[in-house]
Structures are given as structure tokens and as C-alpha cells.
A.B. asks: 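Below: one structure in C-alpha cells.
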Amino acid sequence: MLKKLAKYLHGLWGLCFLSGLGMIIEAICELALPSIANMVYKNVSAAQQSGENITFYVIKIGAAMFGLAVFGLAGGLMTMKVSSVASQRFSYRLRKAMYEKISAFSFKNIDTFSTSSLTTRLTNDVTMLQNTLIMTLRILVRAPALLVVSAFFAFSINARISMILVVMLPIIGVIVALVLKFGFPMFRKMQKKIDNINRVVQENLIGIRVVKAFVREEREKEKFHSASDELAKQGSKAAGLVVTVMPIMMLLMNVVIIFIYYSGAKNAAAGKMDVGQISVLASYIVQVLVNIMMISIFMLQLTRAKACGERVCEVLDTEIDIVNPENPFVPDSPKGCVEFKNVNFGYYEGDNVLENISFKADAGNIIGIIGSTGCGKTSLVNLIPRLYDVSSGEVLVDGVDVRNYDISALREIIGVVLQKNVLFSGTIKDNIKWGSPDATDEEIIKACKAAEAHNFIMEQPDGYETDLSQGGLNLSGGQKQRLCIARAMIKSPKILILDDSTSAVDTATEAKIRDSFYNEFKDTTVIIIAQRISSVKDADKIIVLDEGKVDEIGNHDELMKNCEIYQEIYKTQQKGVLE
Ligand code: TTP
Ligand code: MG
């Protein structure tokens with residue numbers, strides 16, 4: 001994992017080195033100042049006794065100490081600045097790489113992570129890693145350096161007493177190891193709880209209208225509270241573990257200090273040490289212990305970062321299941337012929353949503369697909385632009401398996417109006433232009449007229465420049481559907497797929513839209529999924545799906561003669577009309 005993440009530090013090692021250097025400068029200045037002060041104190045006392053004039057000496061040394069302090073400060077500032085820059089760049093790269101990876105995810109990949117978890121991984125987890133990097137750069141060099149130097153001084157003053165450090169080290173080591181062992185799973189759980197909060201918030205914000213319509217505010221608030229509560233509990237468990245370490249460390253530190261003064265006093269009584277030496281020794285040993293404590297805190301941060309790092313790597317390591325083949329096929333003059341050959345499909349191993357589907361749609365044909373809800377209509381058309389791959393069998397476009405196509409080239413020739421249509425914030429024109437970024441105003445108007453959207457667009461306050469709120473919430477369902485149809489039509493696709501996309505449009509308007517398929521899209525293969533017989537009646541071929549299998553294929557008249565399911569649908573819909 002470290003190796004993988006270190007890749008994103010490429011080119012930043014110079015900055016990391018500078019940061020370490022700054023810390024060393026700061027540490028050296030910090031350690032040197034007390035020793036110099038001690039030396040000045042000794043010299044001044046000696047000079048006072050001999051009656052020498054030492055004003056100039058004091059000013060000189062004072063200025064030197066000031067200079068040293070400023071130098072140390074500069075070192076510290078350099079570390080702060082450089083570590084911030086390095087960690088910001090690191091997290092920027094990491095986020096970018098994750099975002100690029102997620103953009104390439106297939107629908108199946110996205111299904112395995114939830115969107116809320118991907119959001120947490122992209123934001124919270126990366127920030128955690130960024131903070132850890134800053135901490136690493138600031139502490140990792142400084143703490144061990146101070147520790148080693150202080151230990152060296154302590155041993156040089158009195159090696160016997162300093163041996164207490166050797167006794168304490170394994171005890172502290174065991175405590176830290178235990179905390180790390182129990183801390184890691186806790187931190188991992190904590191990130192999951194953050195996922196959970198994000199999920200509740202996202203669902204609620206997206207579905208706020210449904211929540212209000214069902215007067216579910218209180219229940220949803222409770223859901224949020226319980227998600228927050230769980231995070232708080234998990235957080236305090238983890239924090240509890242961390243805080244218990246502190247008092248234990250403090251206790252150990254105090255034990256050490258008592259020991260030093262006790263043995264120091266004994267040594268002093270025996271005339272082996274003087275009082276000054278004892279206090280200097282104590283301060284060096286405290287310095288060693290404080291730095292051990294810093295390193296332990298750092299290790300804790302590292303455990304938390306490990307949990308986040310794993311989650312980030314999970315995203316980066318995901319194998320994208322829908323990728324371009326080795327020699328991708330790019331069609332010169334696509335026709336738009338679609339053929340399914342013995343296609344079986346499921347969303348997971350052993351799932352059978354579609355079974356043995358075979359049919360052929362010639363270029364320029366209009367194909368209707370009809371069947372009860374949940375019978376697999378959407379799943380079937382999703383296979384054509386390769387949003388999912390078949391489990392077995394083949395989907396051919398112009399005689400070539402879609403898996404052999406260059407994915408972008410394939411999707412370029414297909415226009416899709418999904419069942420769950422989505423518009424984006426921006427003007428109406430911007431949204432239509434998704435289909436064709438270079439479209440002229442005339443082309444946009446032509447597509448909107450074909451989709452029966454022109455009239456209502458002109459009624460909007462700013463016409464085509466009207467700003468859509470997020471997701472096009474300031475439009476009616478039928479208006480949104482028509483914009484989505486225009487967005488697909490402007491591509492002049494060879495294959496146009498309409499998944500129940502006129503369900504919210506009245507029948508008269510729908511008939512007009514249908515006319516444009518017949519008149520203006522003569523070369524386009526149109527696949528219409530519909531609930532109403534009237535929507536597919538004039539199609540060249542109608543596929544009747546039943547529980548994932550093709551029940552019958554034919555035109556309206558043929559199906560009226562020999563397809564029971566079709567007759568049944570027709571009868572119930574006629575009955576509705578007659579009544
Ligand atoms: P669909 O293909 O969505 O069925 P449908 O389009 O015929 O239904 P509707 O008329 O209501 O739009 O679903 C077929 C089965 O596949 C159904 O059991 C749900 C399941 N399914 C998934 O598991 N994941 C998916 O992403 C989709 C679209 C469907
Ligand atoms: Mg559907």
C-alpha cells in the first residue's frame with residue numbers, strides 16, 4: 001500500500017527532503033540554545049568573580065543566540081511551508097487519479113461500491129492521508145533526531161541512571177503495539193460509519209421532495225441522528241483508546257523522573273554528581289520520553305491513515321470490467337444494424353435476468369419492446385451501448401460484437417434516453433449540447449422541434465438560455481423527458497434507444513414525436529421501450545418480453561393474431577380507452 005501511495009509523491013521527494021532539513025535545523029537550534037545559555041551562565045559567574053567587564057561578551061553572545069533562534073524559526077517555517085505544499089500536491093494527485101479511475105468505472109464497478117462510500121473515499125479518506133503526510137514530514141525527522149541527541153547527552157552525563165530508558169522502552173513498545181492492534185479495526189469501522197452518514201444525507205437531499213410528501217421528516221431525522229450517534233460512539237471508542245495511552249505515558253514519565261531524582265540524590269550524597277547535572281540529566285531524559293510519546297501519537301495517526309489508505313487503494317486497484325479490447329474496432333460508416341444472438345445476462349453470478357434472447361433489427365428499422373415491469377427491457381437495451389456485458393451470447397452492431405468496438409466509438413453512434421433521465425445545472429442549450437458539443441443554434445432548434453420541446457422552451461423566461469436548477473427541477477416530468485429526447489436526437493445517432501421516455505408525455509404529443517422518428521430519422525434504427533401499445537403499434541418489429549425471455553416477435557397485426565400476452569395488453573388498454 002505504501003509503495004502504491006508513494007507513487008503519488010513522485011517529484012515531491014525534494015520538497016520532503018527540504019522539510020526534513022528544516023526540522024533538523026530547528027531541532028539543532030532548539031537543543032543548542034539551553035547549552036549556550038548554560039555556558040554563558042558559567043562564564044558570567046566566573047567573570048563576576050574575577051571582576052572582568054563582560055558587557056560586550058554578553059551582547060555578542062546574545063546576538064548570536066538571537067540569530068540562532070531566528071535561524072531555527074526559519075527552519076521551522078520552511079518545514080511548515082514545504083510540508084503543506086508537498087501534502088497538498090500529493091492529495092491533489094491522489095484525488096485526480098481516483099476521480100479518473102471512478103470515471104472509467106463500469107456500471108457494475110459502481111454498483112459494488114456505493115456512491116456515498118466513493119464520496120467519502122474521495123474526500124475524507126484522502127484528507128486524512130494528506131494530514132498524515134504533513135504530520136510525517138513534521139514529526140518523523142524531528143522526533144527521532146531529538147530523541148537520539150537527547151539520549152546521547154543523557155548517557156554522557158550518567159550512563160547508569162540513563163539505563164532507565166532501556167528498561168522503559170520495551171514497556172512503552174508493548175503499550176503502543178497493543179493500541180495499534182486494537183486501534184486499526186476501530187478506525188476502519190469509523191470510516192464505514194462516515195460512509196453511512198454520507199449515504200443518509202445524500203439520500204435525503206436527493207429525495208427531499210419524497211421525504212416531505214410522505215411526511216417522513218421526523219423519521220429521516222432520526223435516521224440521521226442514529227447514523228451520527230453511531231459515528232460518535234465509534235469515534236469516542238477510538239478516541240478513548242487513544243486517551244488512555246496518554247495518562248499511562250505520563251505515569252511512566254513521572255516514575256522515571258522520580259527515579260532520576262532519587263538515584264541522583266543518592267549519587268550527590270556520595271559526591272559523584274552535582275545538583276546542576278541532575279537537573280540537566282532529568283531534562284534530557286524527559287526530552288527523550290516526550291519524543292517517544294510524539295512518535296506513539298504519530299503511530300496512532302498512521303493506523304488511522306492505514307485504514308483510509310486501504311480504502312483509497314481499493315478504489316485505485318479495482319479492475320474495470322468494461323475496457324477497450326486490444327485492437328478496438330472503429331467503424332467508418334456505421335449503419336445501425338443491431339443483432340442479439342442467444343444472449344443470457346444477469347447482474348451477478350447465477351442471476352438470470354435475460355435468457356436466450358435472439359432478434360435482429362435492420363438498419364433504419366423501428367423496433368418496439370413491450371412487456372410487464374421488471375421483465376428485463378431496460379437490462380436488454382443497456383447491453384447495446386455496452387453499459388453491461390452479456391454473460392453469454394453476443395450483441396452485434398453492424399455484424400461486429402460490441403465487445404470488439406472502441407467503447408467511445410460505439411457509444412458515439414448510439415443515442416440513449418435512459419429511463420431515469422438526468423439533466424444538469426446550466427442552460428437548456430448547454431444540456432442539449434451534451435449530445436453534440438459543436439451543434440449550431442439551428443441544429444439545436446431542429447432537434448427540439450422534433451422532440452416537441454421547442455414550444456415549451458420558448459415559453460420559458462429566457463428561452464434556450466433558461467437556467468435549469470440542479471437536475472432540471474424547474475421543469476415538469478414530461479418537459480424533462482422531451483429535453484432528454486432532444487439531447488439524444490441532436491447526436492444524429494445511428495441507433496436511438498428510448499427507454500420508456502415518453503411515459504410522462506401526453507398521447508397526442510407522443511404521436512407527434514413518433515412522427516419525427518418516421519420522417520426525419522429514416523436511417524436511424526430506433527428502439528422504443530414502451531408501456532402503451534399505441535407507442536409501438538407502427539413499429540417494423542415488436543418484441544414481446546416475458547420474464548426475461550422473448551415471447552414473440554412480429555408486427556402489430558401478426559402479434560394481434562398469435563401472441564396472447566400482446567392481445568392481453570391490447571385488451572386492457574382498449575378497455576381503459578373505451579371506459
Ligand atoms: P429491468 O431490466 O429494469 O426491467 P424493466 O426495464 O423491464 O422494468 P420497467 O418496466 O419497470 O422499467 O429489470 C429486470 C430485473 O433486473 C429486475 O429484477 C431488477 C434487476 N435489475 C438490477 O438488479 N439492477 C439494475 O441495475 C437493473 C436496471 C435491474
Ligand atoms: Mg425499465
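Just so you know, these numbers use all the heavy atoms, side chains as well, and skip hydrogens, waters and symmetry mates. Order of appearance sets the numbers: ligands from 1, and atoms from 1 within every ligand. When a residue number appears, it is its place in the shown sequence, counting from 1.
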A.B. asks: Identify, for atom 18 (O) of ligand 1, the protein heavy atom at the shortest distance, and state residue, atom and that distance.
C.D. replies: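 Heavy-atom neighbour on the protein nearest atom 18 (O) of ligand 1: Gly374 O, 4.4 Å.
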A.B. asks: What atoms of ligand 1 come within less than 4.0 Å of a heavy atom belonging to Cys375?
C.D. replies: 4 (O), 7 (O)
A.B. asks: Does Asp398 pair with Lys335 as a salt bridge, N-O distance under 4.0 Å?
C.D. replies: no
A.B. asks: Specify the protein heavy atom at minimum distance from atom 3 (O) of ligand 1: its residue, its atom name, and the distance to 0.1 Å.
C.D. replies: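 Checking every protein heavy atom, the shortest distance to atom 3 (O) of ligand 1 gives Thr378 CB, 3.6 Å.
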A.B. asks: For atom 25 (C) of ligand 1, state which one of Tyr347, Tyr348, Phe107 supplies the nearest heavy atom.
C.D. replies: Tyr347
A.B. asks: Anything under 30° is parallel, anything over 60° is perpendicular, the rest tilted; go ahead and classify Tyr388 against Tyr347.
C.D. replies: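 It falls in the perpendicular class, over 60°.
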A.B. asks: Applying salt bridge (charged side-chain N to carboxylate O under 4.0 Å, His left out) between Glu310 and each of Arg304, Lys192, Arg188, Arg121, report the one that passes.
C.D. replies: Arg188
A.B. asks: Flag yes if more than 12 heavy atoms outside Asp317 fall under 6.0 Å of its CG atom; otherwise flag no.
C.D. replies: yes
A.B. asks: Checking a contact table here: which protein heavy atom is nearest atom 12 (O) of ligand 1, and how many Å away?
C.D. replies: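 Going atom by atom, the protein heavy atom closest to atom 12 (O) of ligand 1 ends up being Gln419 NE2, 2.6 Å.
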A.B. asks: Using 30° and 60° as the class limits, which term best fits the ring planes of Phe113 and Phe105: parallel, tilted or perpendicular?
C.D. replies: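 Parallel.
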A.B. asks: With under 30° as parallel and over 60° as perpendicular, where do the rings of Tyr566 and His556 fit, or are they tilted in between?
C.D. replies: perpendicular
A.B. asks: Atom 10 (O) of ligand 1: which protein heavy atom is closest, and how many Å away?
C.D. replies: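 Result: Lys377 NZ, 2.7 Å.
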A.B. asks: Answer yes or no: is there an ion pair linking Glu218 with Lys221, defined by an N-O contact shorter than 4.0 Å?
C.D. replies: yes
A.B. asks: Could Glu442 and Lys446 be called an ion pair, given the rule that one side-chain N must be under 4.0 Å from one carboxylate O?
C.D. replies: no
A.B. asks: Within less than 2.8 Å of the Mg ion (ligand 2), any N, O or S from Thr378?
C.D. replies: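 Coordinating: yes.
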A.B. asks: Counting heavy atoms only, name the option from Ser379, Ser503, Gly376 that's nearest to atom 4 (O) of ligand 1.
C.D. replies: Gly376
A.B. asks: Between Asn382 and ligand 1, is there a nitrogen or oxygen pair with a distance under 3.5 Å?
C.D. replies: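 Not met; the criterion fails.
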A.B. asks: Got the closest protein heavy atom to atom 11 (O) of ligand 1, with its distance?
C.D. replies: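 Of the protein heavy atoms, Thr373 CB, 3.2 Å lies nearest.
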A.B. asks: Return yes when Asp500 approaches ligand 1 closer than 4.0 angstrom through a heavy atom, no otherwise.
C.D. replies: no
A.B. asks: Judging by distance only, is a nitrogen or oxygen of Asp111 under 3.5 angstrom from one on ligand 1?
C.D. replies: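 In this structure, Asp111 places no N or O atom under 3.5 Å from an N or O of ligand 1.
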A.B. asks: Are Leu316 and Lys4 close enough, and set up right, to give a side-chain contact (heavy atoms from CB on, under 4.5 Å), and what steps lead you there?
C.D. replies: CA-CA 9 Å; Leu316 292 172; Lys4 261 177 224 147; over 6 Å; no
A.B. asks: With a sphere of 6.0 Å drawn around CZ of Arg89, does it hold more than 12 non-hydrogen atoms of other residues, nucleotides or ligands?
C.D. replies: no
A.B. asks: More than 12 heavy atoms of other residues, nucleotides or ligands under 6.0 Å from CD of Glu564: yes or no?
C.D. replies: no
A.B. asks: Is the distance between the Mg ion (ligand 2) and the nearest N/O/S atom of Gln419 smaller than 2.8 Å?
C.D. replies: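 It does: Gln419 brings an N, O or S atom closer than 2.8 Å to the Mg ion (ligand 2).
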A.B. asks: Tell me which part of Tyr388 gets within contact of ligand 1: side chain, backbone, both or neither, using heavy atoms under 4.0 Å.
C.D. replies: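 Answer for Tyr388: side chain.
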A.B. asks: Under 4.0 angstrom from ligand 1, any heavy atom of Gly371?
C.D. replies: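 Not so, Gly371 does not reach ligand 1.
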A.B. asks: With a cut-off of 4.0 Å, which atoms of ligand 1 are near a heavy atom of Gln531?
C.D. replies: 10 (O)
A.B. asks: Would you mind telling me if ligand 1 is within reach of the side chain of Val353, the backbone, both or neither, using heavy atoms under 4.0 Å?
C.D. replies: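 For Val353, the contact with ligand 1 is made by the side chain alone.
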